[in-house]
S.K.: 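One structure coming up, written as structure tokens, with questions to follow.
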Amino acid sequence: MSNEVFVAFATQKGGIGKSTVTALVASYLHNVKGYNVAVIDCDAPQHSIHGLREREMKLIDESIYFKALACDHFRKTKKNAYPVIASDAVNALDDAEKMLAEEEVKPDFVFFDMPGTLKANGVVKTLSQMDYIFTPMSADRFVVESTLQFAMMFKDNLMTTGRAKTRRLSLFWTMVDGREKNGLYDLYEEAIEEMGLSVLSTRLPDSKKFRRDLSEERKSVFRSTIFPMDTPLLKGSGIREFSEEISRIIKPQ
């Protein structure tokens with residue numbers, strides 16, 4: 001491994017949208033910020049991100065419209081779609097090393113989409129090799145407790161002891177209901193900071209647009225492993241602000 005930065009969106013609570021966030025941040029940094037990225041989809045067996053890539057490639061292959069759109073996109077950006085590798089937590093690091101050896105254009109960032117449980121084989125070992133870990137949580141007491149349990153375990157048992165190479169672990173709010181009062185989040189964050197953990201300033205809303213994939217029925221797209229998000233859909237999503245905050249943290253010096 002050389003200068004690539006390894007980043008994981010990980011938690012021990014499933015159904016919190018980490019795969020979607022991984023795909024959206026990777027797309028923004030690759031297509032908008034101009035970085036080269038790669039994704040190792042370790043979330044077996046569902047492989048949500050790899051499955052999304054396969055569906056998009058099939059749609060492009062079968063549609064003259066999307067084929068032309070893809071060609072135009074690649075011509076404008078002067079770069080190909082980022083690689084998405086289907087793997088699992090046990091083989092993720094080996095598959096990443098193989099990908100890095102084979103890719104002509106070396107990625108600046110390699111994103112790992114981890115399984116939603118620490119009990120899966122290889123998860124803790126793979127996470128210990130991440131440079132940065134970002135952990136999603138929602139304002140639900142059970143989710144917060146589970147997330148804090150995961151974060152404190154990793155911090156105390158792996159980061160503090162030097163068993164992990166992780167430079168920083170940060171929590172972030174997702175699935176935020178606009179009707180909820182900010183005071184609730186502020187109270188949570190005060191308690192979290194007292195535990196020695198950090199929370200990103202950007203809060204991602206609960207929005208149906210996050211699930212808006214490429215399809216023949218609608219030409220605008222938000223969640224994609226190939227195309228950038230449509231600009232009008234970016235507004236109010238928090239993804240621009242979130243990705244910019246992530247890039248400021250993980251950008252190589």
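This structure is a prediction, so every number in the text was calculated from the model and none was measured. No hydrogens, no waters, no symmetry mates; every other heavy atom, side chains included, goes into these values.
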S.K.: Using the rule ring pair (Phe, Tyr, Trp, His ring centres under 6.0 Å), only one of Y185, F242, Y188 pairs with F172; which is it?
M.R.: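 Of the listed residues Y185, F242, Y188, the ring pair (Phe, Tyr, Trp, His ring centres under 6.0 Å) partner of F172 is F242.
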
S.K.: Taking R203 as the fixed residue, which of E189, E241, E245 is the one that meets the salt bridge (Lys or Arg N to Asp or Glu O under 4.0 Å) rule?
M.R.: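 Only one of E189, E241, E245 forms a salt bridge (Lys or Arg N to Asp or Glu O under 4.0 Å) with R203, namely E189.
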
S.K.: Which residue, D41, D113, D94, D95, forms the side chain to side chain donor-acceptor pair (under 3.5 Å) with S87?
M.R.: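 By the side chain to side chain donor-acceptor pair (under 3.5 Å) criterion, S87 pairs with just one of D41, D113, D94, D95: D95.
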
S.K.: For the residue pair S224 and D213, establish whether any side-chain heavy-atom pair is separated by less than 4.5 Å.
M.R.: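 No. Closest side-chain heavy atoms not under 4.5 Å.
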
S.K.: With clusters defined by side-chain heavy atoms of hydrophobic residues (ILVMFWY) lying less than 4.5 Å apart, directly or transitively, does V105 cluster with V32?
M.R.: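 In one cluster: no.
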
S.K.: Starting from the C-alpha separation in whole Å, work towards a yes-or-no answer on side chain to side chain donor-acceptor pair (under 3.5 Å) for N31 and H73.
M.R.: CA-CA 9 Å; N31 291 312; H73 168 61; 3.2 Å; yes

S.K.: Could you check I239, T20, L24, V176 and say which one makes a side chain to side chain contact (heavy atoms under 4.5 Å, CB included) with L204?
M.R.: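 Exactly one candidate clears the test, I239.
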
S.K.: Check the hydrophobic clustering (I, L, V, M, F, W, Y; side-chain heavy atoms under 4.5 Å; chains of links allowed) and say if L197 and L184 are grouped together.
M.R.: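 Result: yes, single cluster for both.
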
S.K.: Less than 4.0 angstrom from a charged side-chain N to a carboxylate O is my criterion; do K58 and E54 meet it?
M.R.: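 No, no charged N to carboxylate O under 4.0 Å.
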
S.K.: Is it true that atom NZ of K155 has more than 12 heavy atoms of other residues, nucleotides or ligands lying nearer than 6.0 Å?
M.R.: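 Result for NZ/K155: enclosed.
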
S.K.: Counting neighbours of CG on D140 that are heavy atoms of other residues, nucleotides or ligands and sit closer than 6.0 Å, is the number greater than 12?
M.R.: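 More than 12 heavy atoms, drawn from other residues, nucleotides or ligands, come within 6.0 Å of this atom.
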
S.K.: Does a side-chain N-to-carboxylate-O contact under 4.0 Å join E244 and K33?
M.R.: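 So E244 pairs with K33 through a salt bridge.
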
S.K.: What ring-ring contact (aromatic ring centres under 6.0 Å, His included) pairs are there with at least one residue in residues 132-158, not counting sequence neighbours?
M.R.: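 As it turns out, the ring-ring contact (aromatic ring centres under 6.0 Å, His included) pairs with a partner in residues 132-158, which skip direct neighbours, are F9-F134.
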
S.K.: Can you check whether L29 reaches F109 side chain to side chain, under 4.5 Å on heavy atoms?
M.R.: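 Answer yes - side chains close enough.
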
S.K.: Does a side chain donor of either D88 or N91 reach within less than 3.5 Å of an acceptor in the other side chain?
M.R.: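 The answer is yes; a qualifying pair exists.
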
